[in-house]
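To keep things clear, I will list the structure first and then write my remarks on it.
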Amino acid sequence: MGDSRSPPQSGANFQHCRWHPQPDPAALQQAALTRILAAASAAREERGRFLIVLAGGETPRGIYRQLRLAETDWSAWHIYFGDERCLPPRDAARNSRMAGEAWLDHVPIPAGQIHPIPAELGPRRASAAYAALLQEVGDFDLVLLGLGEDGHTASLFPGHNWGVADHKSVLAVLDAPKPPPQRVSLSAARLARTRQMLFLVAGRDKRNAVAGWQAGKNIPPRHLTPAAGIDVLVEAALLFPER
Ligand code: 6PG
C-alpha cells in the first residue's frame, strides 16, 4: 500500500485558465521573469514579504539564471518548493540543487528564508516534515509549475493521489513513473492556496499534455483551482498544430 495511490479522483472543480502563447522559449522566459518580479514587488508592498513556490524540471532553469540579475529586495523573498526528488541533497537531479546553482546561491536571500523539502529523509518523513513547516505558512503569493509530457505537474502524476480528496498538504510519492520513483509533492489543494499560479510550458513533447488539459482530460493540472485562476505561459507551437 503506497501513499501515492488513491481511489478515483472526483471531477475537477471549475478552473479558470488564461493561456498566454509565447513565440519561443526566450520570450516565455522573459514573460515569466516580468510576472515573477511584478508579483514580488506587489507582495512586498502589500504584505512586506513574498512567498514563492518553485517548479522543478528543466524549463525554469533559464528563468532562475536570469533572476540572479534582478533588481529586487531579496530580503522579502521566502522560497518554497512544489516538489522534490528523494535523493541526497547534493545530487544533481535535486530540484533544490538546480535552483541553488542557477539562482539562489547567488543572491542575498537570508538562508532561513529558503525552505528546501528534506527529501533525503525519504518520502514519508520528508512529507511529514514539510507539512509541519507549511502549517505555519499562509497562502503563497506565487506558485510556479511545469507540465510533464504525461500531464503530471509538481510530482502529481496521472492516476495517482493528488491530495484532492484527503486534504493533505504534502504527499509522499512512492512510485512515480518519472525517475526517481520516490518523491515528495505539495498536494493539489495546497498548491492552489496561492494568490497567483503560473505554469511554464515549453518543449514539443508537451503537445499531447496541453491538448489533454484543454480538452478537460482527467490529469493533475485540471484539479488545481486557485481562486484567481491559472496563467499558463506556453510555447505557441504547442497550442497551434503545425501546418
Ligand atoms: C520535477 C517536476 C516536474 C516538472 C515537469 C516539467 O520533475 O521535479 O517539478 O513536475 O516541472 O516534469 O519538467 P521540464 O520542465 O523538465 O519539462
Side-chain angles (χ1 to χ4, degrees), residues 4 22 24-26 28-29 31-33 36 52-67 79-104 115-120 123 126-127 130 140 142-163 170-188 190-192 194 197-213 219-224 230-235 237-238:
S4 61
Q22 303 296 314
D24 53 45
L28 190 148
Q29 271 185 23
L33 208 57
I36 293 167
I52 181 172
V53 176
L54 304 189
E58 277 306 306
T59 310
R61 189 189 292 269
I63 298 163
Y64 294 169
R65 284 211 179 109
Q66 292 189 45
L67 274 166
I79 309 289
Y80 299 88
F81 288 80
D83 74 322
E84 188 55 279
R85 301 144 182 211
C86 293
L87 298 166
R90 297 301 304 155
D91 192 286
R94 283 278 297 235
N95 289 333
S96 55
R97 178 165 170 187
M98 187 279 275
E101 287 181 352
W103 165 30
L104 302 173
H115 304 285
I117 298 173
E120 64 280 5
S127 57
Y130 215 59
F140 300 121
L142 177 63
V143 169
L144 300 178
L145 287 168
L147 182 69
E149 55 182 283
D150 60 352
H152 76 262
T153 188
S155 286
L156 306 174
F157 290 88
H160 289 226
N161 178 21
W162 311 323
V170 187
L171 305 176
V173 179
L174 308 179
D175 50 1
K178 177 182 175 182
Q182 298 203 331
R183 292 162 168 255
V184 175
S185 185
L186 268 59
S187 68
R190 190 61 178 92
L191 287 167
T194 182
M197 179 175 281
L198 184 63
F199 266 82
L200 312 166
V201 186
R204 301 293 162 105
D205 54 347
K206 311 286 173 68
R207 184 170 282 156
N208 286 343
V210 168
W213 186 357
I219 55 174
R222 288 286 306 161
H223 293 265
L224 296 167
I230 303 177
D231 289 288
V232 187
L233 298 179
V234 56
E235 258 191 279
L238 303 184

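In what follows, every heavy atom counts, from backbone to side chain, and hydrogens, waters and symmetry copies are set aside. Order of appearance sets the numbers: ligands from 1, and atoms from 1 within every ligand.
- Proximity of Leu145 to Leu224: side-chain heavy atoms (C-beta onward) are separated by under 4.5 Å at one or more points.
- Annotation: side chain of Val234 is not in contact with side chain of Lys206 (no heavy-atom distance under 4.5 Å).
- The closest side-chain heavy-atom distance from Arg190 to Val170 is not below 4.5 Å.
- If you look at ligand 1, the protein residues with a non-hydrogen atom under 4.0 Å away are Gly56, Gly57, Glu58, Thr59, Asp83, Arg85, Asn95, Gly146, Leu147, Gly148, His152, Thr153, Ala154, Lys178, Arg183, Lys206.
- Atom CG of Asp205 is surrounded by more than 12 heavy atoms from other residues, nucleotides or ligands within 6.0 Å.
- Ion pairing between a basic and an acidic side chain is recognised when a charged N comes within 4.0 Å of a carboxylate O; Glu101 and Arg90 show such pairing.
- Ring geometry for His115 against Tyr80 counts as parallel: the plane angle stays under 30°, on a 0 to 90° scale with 60° as the upper cut.
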